[in-house]
Amino acid sequence: MVTRILQLTVLVLALAASCAFAEGWVPTLAPRPNLPPQFMAVDMGRQRAFLVRSQDGALSRFQNLACTTGMRGGGKLLEGDRKTPEGVYFLQGKATGGLDFDRFGNTAYPLNYPNPADRVLGKTGDGIMIHGRGRSFGPRQTLGCVVLENDVVDGLDRHVRINASPVVIAEGVNWGETAKFGPPPEIVMGTRGWIKARERREGAFFEIYDPERFEKSAGMSFDQFRRKTLQEFSRSPWVDIRAQDLQVLEGPGYMVSVFAQRTYPQGEEGWRRLYWMRKVELWKVVGEEWVPQSLGPRPDYAALAGREIRERLRECADAWDRGDLKSLIPAYDRAATRGTDQGREAIAEALGRERGGPNPFRAEPAVRVTREGVEAVLRPGGGPARTFLFLPGNFDTWVIAREHSAS
């Protein structure tokens with residue numbers, strides 16, 4: 001009798017766990033900062049796909065589409081389980097030739113399943129796509145893909161950008177009215193911190209990662225990743241990373257931040273995705289994806305840097321004229337050198353002694369991009385040449401790394 005009761009208890013618990021798991025992931029999408037301007041949301045419970053626009057503080061579903069997904073619910077775990085994955089994914093390309101029309105229609109878009117967060121969680125399988133079908137379809141009829149009507153799929157990339165716009169796939173989607181459902185602000189700040197640490201080749205860069213989980217997502221040891229990254233750092237003494245279109249999306253148990261990245265002066269450009277998970281109270285990067293891609297016409301970097309350096313020197317000159325050393329000192333890097341003085345504290349003392357003298361920043365500079373940084377040479381008051389070496393600072397600003405006078 002006791003054995004029978006135990007068996008029934010185990011069965012009830014197993015059924016309860018199965019039902020809870022079958023409920024799947026149900027995110028709330030609401031207006032908030034750092035949402036992509038357009039993206040796609042798939043509600044598997046309703047068998048509907050929505051094209052969504054985020055604009056002027058509002059979230060609108062401008063297309064409501066019939067879809068069909070995996071035969072089984074609950075979110076894909078294993079290859080062959082006939083489930084559609086739940087999470088945040090991206091179109092990796094567009095296939096229009098050589099497709100079996102009956103199964104795939106005219107067009108198919110492969111998704112990046114499994115993404116780095118999926119690999120951390122041990123999920124397997126591949127070949128998940130958004131595609132059409134050469135015949136009519138009903139609910140829950142695929143082996144894991146998301147199927148839409150042919151004419152919708154053919155023009156999908158007019159609304160969802162390949163490699164850039166996310167596709168949110170969930171068992172259900174709730175639609176909120178306010179931004180209280182947005183991602184934690186640590187993700188935005190953490191992404192900016194990642195950019196800054198990578199620019200400055202700081203040891204703190206590797207502290208942003210969760211080594212154990214990263215190894216699962218990257219398929220390499222963290223020591224290998226560290227050595228590979230340090231080799232990349234050694235190829236150039238400095239870089240200027242410009243990030244645009246920062247987007248942050250929530251997945252099931254993770255966050256993903258996405259941005260368009262241009263790296264100067266080398267010219268590398270594409271889309272960067274960082275996948276974050278909590279480790280105790282901190283968010284850590286557990287995986288990343290880099291997709292090289294042209295981002296359109298490139299600005300003239302020498303001209304861009306020149307304008308920014310001139311503006312920075314004007315700010316320094318104005319602060320000097322006001323006697324405002326408090327505003328002037330942050331223009332120098334913490335480890336900057338100025339003649340024989342090193343570090344902000346020593347430089348502040350030297351500038352304090354020179355107050356009342358000629359303005360060392362007030363002149364039209366000659367600016368050029370060099371291997372060591374961006375150099376500005378000026379002759380205050382027509383005197384000896386003064387050379388400033390600038391490096392990228394926080395949030396696309398510049399800091400003085402070295403200053404010396406020809407005298």
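FYI, side chains are in, hydrogens and waters are out, and symmetry mates aren't considered; it's all heavy atoms of this structure.
In this structure, a donor-acceptor pair under 3.5 Å is absent between the side chains of Asn150 and Asn106. Side chains of Trp238 and Glu372: no donor on one and acceptor on the other come within 3.5 Å. For the residue pair Gln261/Thr263, the side-chain donor-acceptor check at 3.5 Å is satisfied. One side chain, Thr69 or Gln47, offers a donor N or O that lies under 3.5 Å from an acceptor on the other.
With sequence neighbours left out, Arg198 forms a salt bridge (Lys or Arg N to Asp or Glu O under 4.0 Å) with Glu232. For Arg200, the salt bridge (Lys or Arg N to Asp or Glu O under 4.0 Å) partners two or more places apart in sequence, or in a different chain, are Asp333. With sequence neighbours excluded, the residues that form a salt bridge (Lys or Arg N to Asp or Glu O under 4.0 Å) with Arg140 are Glu171. With sequence neighbours excluded, the residues forming a side chain to side chain donor-acceptor pair (under 3.5 Å) with Asp102 are Arg135, listed by chain and number. With sequence neighbours left out, the side chain to side chain donor-acceptor pair (under 3.5 Å) criterion links Arg119 to no other residue. When the ring pair (Phe, Tyr, Trp, His ring centres under 6.0 Å) test is applied to Phe214, the partners found at least two apart in sequence or on another chain are Tyr209, Phe222, Phe225. Taking the side chain to side chain contact (heavy atoms under 4.5 Å, CB included) definition, one finds that Asn34 meets it with Arg32, Val188, Leu246, Val248, sequence neighbours left out. Residues that satisfy the salt bridge (Lys or Arg N to Asp or Glu O under 4.0 Å) test with Arg227, not counting sequence neighbours, are absent from this structure. Qualifying side chain to side chain donor-acceptor pair (under 3.5 Å) partners for Arg161, counting only residues two or more places apart in sequence or in other chains: none. Judged as a side chain to side chain donor-acceptor pair (under 3.5 Å), and not counting sequence neighbours, Ser54 has no contacts.
For NZ of Lys94, the number of neighbouring non-hydrogen atoms (other residues, nucleotides, ligands) closer than 6.0 Å is greater than 12. Within a 6.0 Å sphere centred on CD of Glu354, other residues, nucleotides and ligands contribute more than 12 heavy atoms.
Under a 3.5 Å cut-off, the side chain of Arg338 and the backbone N or O of Glu403 do not form any donor-acceptor pair. Between the Thr68 side chain and the Gln141 main chain, a donor and an acceptor come within less than 3.5 Å of each other. Judged purely by atom type and a 3.5 angstrom limit, Thr387 has no side-chain atom pairing as donor or acceptor with the backbone of Val377. For Gln224 (side chain) and Ser221 (main-chain N/O), a donor-acceptor pair under 3.5 Å exists by modelled atom type. Between the Thr84 side chain and the Gly144 main chain, a donor and an acceptor come within less than 3.5 Å of each other. Judged purely by atom type and a 3.5 angstrom limit, Glu215 has no side-chain atom pairing as donor or acceptor with the backbone of Glu212. A distance-only check finds no donor-acceptor pair linking the side chain of Tyr113 to the backbone of Gly87 [under 3.5 Å]. No donor-acceptor distance shorter than 3.5 angstrom exists from the side chain of Thr28 to the backbone of Gly176, with no hydrogens or angles considered. Listed for the Asn112 side chain is a donor-acceptor partner under 3.5 Å among the backbone atoms of Phe90. Panel note: side chain Asp321, backbone Asp318; no donor-acceptor pair is recorded below 3.5 Å.
Put simply, CD on Gln63 and CD on Gln38 are 9.5 Å apart, with the number rounded to the nearest 0.5 Å. Considering CG of Leu148 and CD1 of Ile130, their distance stands at 6.5 Å, rounded to 0.5 Å. Between the CZ atom in Arg307 and the CG atom in Asp300 there is a gap of 8.0 Å [rounded to 0.5 Å]. Of the inter-residue distances, the one linking Leu391 atom CG with Thr397 atom OG1 reads 11.0 Å to the nearest 0.5 angstrom. Note: Phe361 CZ to Leu378 CG = 9.0 Å, rounded to the nearest 0.5 Å. Between the CZ atom of Arg402 and the NE2 atom of His404 there is a distance of 7.0 Å, given to the nearest 0.5 Å.
Minimum heavy-atom separation, Val369 to Ala302: CG2-CA, 4.1 Å. Nearest approach of Ser217 to Val120, heavy atoms of both residues: CB-CG2, 3.8 Å. When every heavy atom of Leu99 is checked against every heavy atom of Ala108, the shortest pair comes out as CD1-N, 3.9 Å. When all heavy atoms are compared, the tightest approach of Ile169 to Pro85 is CG2-O, 3.2 Å. Considering every non-hydrogen atom in both Gly270 and Trp290, the closest pair reads N-CH2, 3.3 Å. Taking every heavy atom of both residues into account, Gly352 and Leu325 meet most closely at CA-CD1, 3.8 Å.
Contact check for Val239 versus Gln266: side-chain heavy atoms found under the 4.5 Å cut-off. When side chains are defined from C-beta on, Asp240 counts as touching Glu199, because their heavy atoms get closer than 4.5 Å. Looking only at side-chain heavy atoms (C-beta outward), Tyr264 and Pro299 come within less than 4.5 Å of each other.
Classification of the Tyr275-Tyr254 ring pair by plane angle, with boundaries at 30° and 60°, yields tilted. Ring geometry for His131 versus Phe104: interplanar angle over 60°, hence perpendicular rather than tilted (30 to 60°).
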Step-by-step side chain to side chain contact (heavy atoms under 4.5 Å, CB included) determination, Thr229 to Phe205 | CA-CA 10 Å; Thr229 304; Phe205 176 75; 3.9 Å; yes
Steps toward side chain to side chain contact (heavy atoms under 4.5 Å, CB included) verdict (Phe390, Ile400) = CA-CA 5 Å; Phe390 285 86; Ile400 301 166; 3.4 Å; yes
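A salt bridge links Arg298 to Glu269: at least one charged side-chain nitrogen sits closer than 4.0 Å to a carboxylate oxygen. With respect to the salt-bridge test (charged N to carboxylate O, under 4.0 angstrom), the residues Arg262 and Glu268 do not qualify. A salt bridge is defined here as a Lys NZ or Arg NE, NH1 or NH2 lying under 4.0 Å from an Asp or Glu carboxylate O, and Lys76 with Asp118 fails to meet this definition. Lys279 and Glu186 are not joined by a salt bridge, as no carboxylate oxygen comes within less than 4.0 angstrom of a charged side-chain nitrogen.
Within the structure, salt bridge (Lys or Arg N to Asp or Glu O under 4.0 Å) pairs that include any residue of residues 45-61 comprise Asp43-Arg46 (at least two apart or interchain). Legend: salt bridge (Lys or Arg N to Asp or Glu O under 4.0 Å) pairs involving residues 282-295, not counting sequence neighbours, sorted by first then second residue: Arg272-Glu288, Arg273-Glu289.
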